[in-house]
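Have a look at the structure below, then the notes.
One-based numbering, in listed order, for ligands and for the atoms of each.
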Amino acid sequence: MAATIKIHDKVFTPFISKETIEQRVAALGKQIDEDYAGKNPLFIAILNGSFIFAADLFRHITIDAEISFIKLASYKGTSSTGNVVTAIGMEEQLHHRHIIILEDIVDTGKTLYSFLPEIELRQPASLKIATFLSKPSALKHPVHADYIGFEVPNKFVLGYGLDYDGHGRNLPELYELVED
Ligand code: IMP
C-alpha cells in the first residue's frame with residue numbers, strides 16, 4: 001500500500017490504488033472500443049492533466065482510431081461572458097468526425113462548458129466526453145460526461161496526471177488531500 005505523502009504544506013493520503021485504476025481504465029477502453037466499432041473516432045485529450053489517462057485508455061482501443069492533444073487557454077472575453085476558453089493545437093478536421101474528449105477531471109465543469117461550443121461549431125458527427133474522474137457534488141455547469149472512470153467526493157485529489165502546484169502527476173495511484 002502506498003504511503004502518505006507531503007507536497008509543500010499539504011499532506012495527501014492514498015485513495016484509489018494503481019491496480020483499481022488499471023482495471024477501471026481497461027474496462028472504459030473496452031466499452032468505448034465496442035461503442036465506436038467502425039466509426040474511426042478521434043480522441044481529443046486536454047493537456048496537461050489527461051495525458052496519463054489518455055495514454056493508458058488509448059492502449060485499450062483496438063479499433064481504428066486517432067488521437068490528438070490540445071491545450072486550453074482562457075482569456076477575458078470582450079463582453080460580459082467572462083472567460084473564454086480556446087484550444088491551442090487543434091489542427092484536425094472535426095467535421096463529420098466522431099469526437100471523444102478526454103479529461104482528467106470534471107470538477108465545476110467550467111472548462112468543458114466554455115470549450116465544448118468551439119467543438120460543436122465544427123459540426124462533428126458526434127461528441128462525447130470521457131473523464132477519468134468526476135466530482136458530481138462540485139458541478140456548477142451543465143456538463144454531462146458519457147464515460148466516467150470514478151466518481152469522487154468534493155475533495156482535492158492528486159496523482160495519475162493530476163497535480164498540486166505542478167507536482168504529483170507521476171504518481172501511479174490517486175491520493176486525496178488530508179484537510180487540516
Ligand atoms: P473544472 O472546474 O471542471 O473546470 O476543472 C478544471 C481543471 O481543474 C481540471 O481539468 C483539473 O486540471 C483541475 N482540477 C480540478 N479539480 C482538481 C483536483 O481535485 N486535483 C487536481 N486538479 C484538479
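Atom 16 (N) of ligand 1 has its closest protein heavy atom at D107 OD2, 3.3 Å. Counting protein heavy atoms only, atom 10 (O) of ligand 1 is closest to D104 OD1, 2.8 Å. Among all protein heavy atoms, the one lying closest to atom 7 (C) of ligand 1 is T111 OG1, 4.3 Å.
Put simply, atom 3 (O) of ligand 1 has protein non-hydrogen atoms near it, under 4.0 Å away.
Residue contacts with ligand 1: D163 is included, with a non-hydrogen atom under 4.0 Å away. The shortest heavy-atom distance from K135 to ligand 1 is under 4.0 Å.
Near E103, meaning under 4.0 Å from any of its heavy atoms, are these atoms of ligand 1: 10 (O). The distance from ligand 1 to the heavy atoms of G109 drops below 4.0 Å at these ligand atoms: 1 (P), 2 (O), 3 (O).
By the 3.5 Å distance cut-off applied to N or O atoms, V157 is counted among the residues near ligand 1. Considering both main-chain and side-chain atoms, V106 never comes within under 3.5 Å of ligand 1 through any nitrogen or oxygen pair.
Looking at L139, I148, L133, T111 one by one, the single match for side chain to side chain contact (heavy atoms under 4.5 Å, CB included) with V106 turns out to be L139.
In terms of modelled atom types and a separation under 3.5 Å, the side chain of D104 and the main chain of L162 share no donor-acceptor contact. A donor-acceptor pair is defined here as one N or O able to donate and one able to accept, closer than 3.5 Å; such a pair exists between the side chain of S17 and the backbone of T20. Here the side chain of K71 pairs no donor or acceptor atom with the backbone of N48 at under 3.5 angstrom.
More than 12 heavy atoms of other residues, nucleotides or ligands sit less than 6.0 Å from atom CZ of F69.
The option with the heavy atom closest to atom 23 (C) of ligand 1, from among L112, T131, I105, is I105.
Looking at L162 against ligand 1, only its side chain comes within 4.0 Å, counting heavy atoms.
Taking the six-membered ring for Trp and the full ring otherwise, F12 and Y175 have centroids separated by 6.0 Å or more.
In the hydrophobic cluster analysis, where Ile, Leu, Val, Met, Phe, Trp and Tyr join through side-chain heavy atoms closer than 4.5 angstrom, L57 is grouped together with I63.
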* Asked: Should F115 and I101 be marked as a side chain to side chain contact (heavy atoms under 4.5 Å, CB included) after you check the CA-CA gap, both sets of side-chain angles, and the distance that decides it?
  -> CA-CA 11 Å; F115 168 62; I101 304 286; 4.1 Å; yes
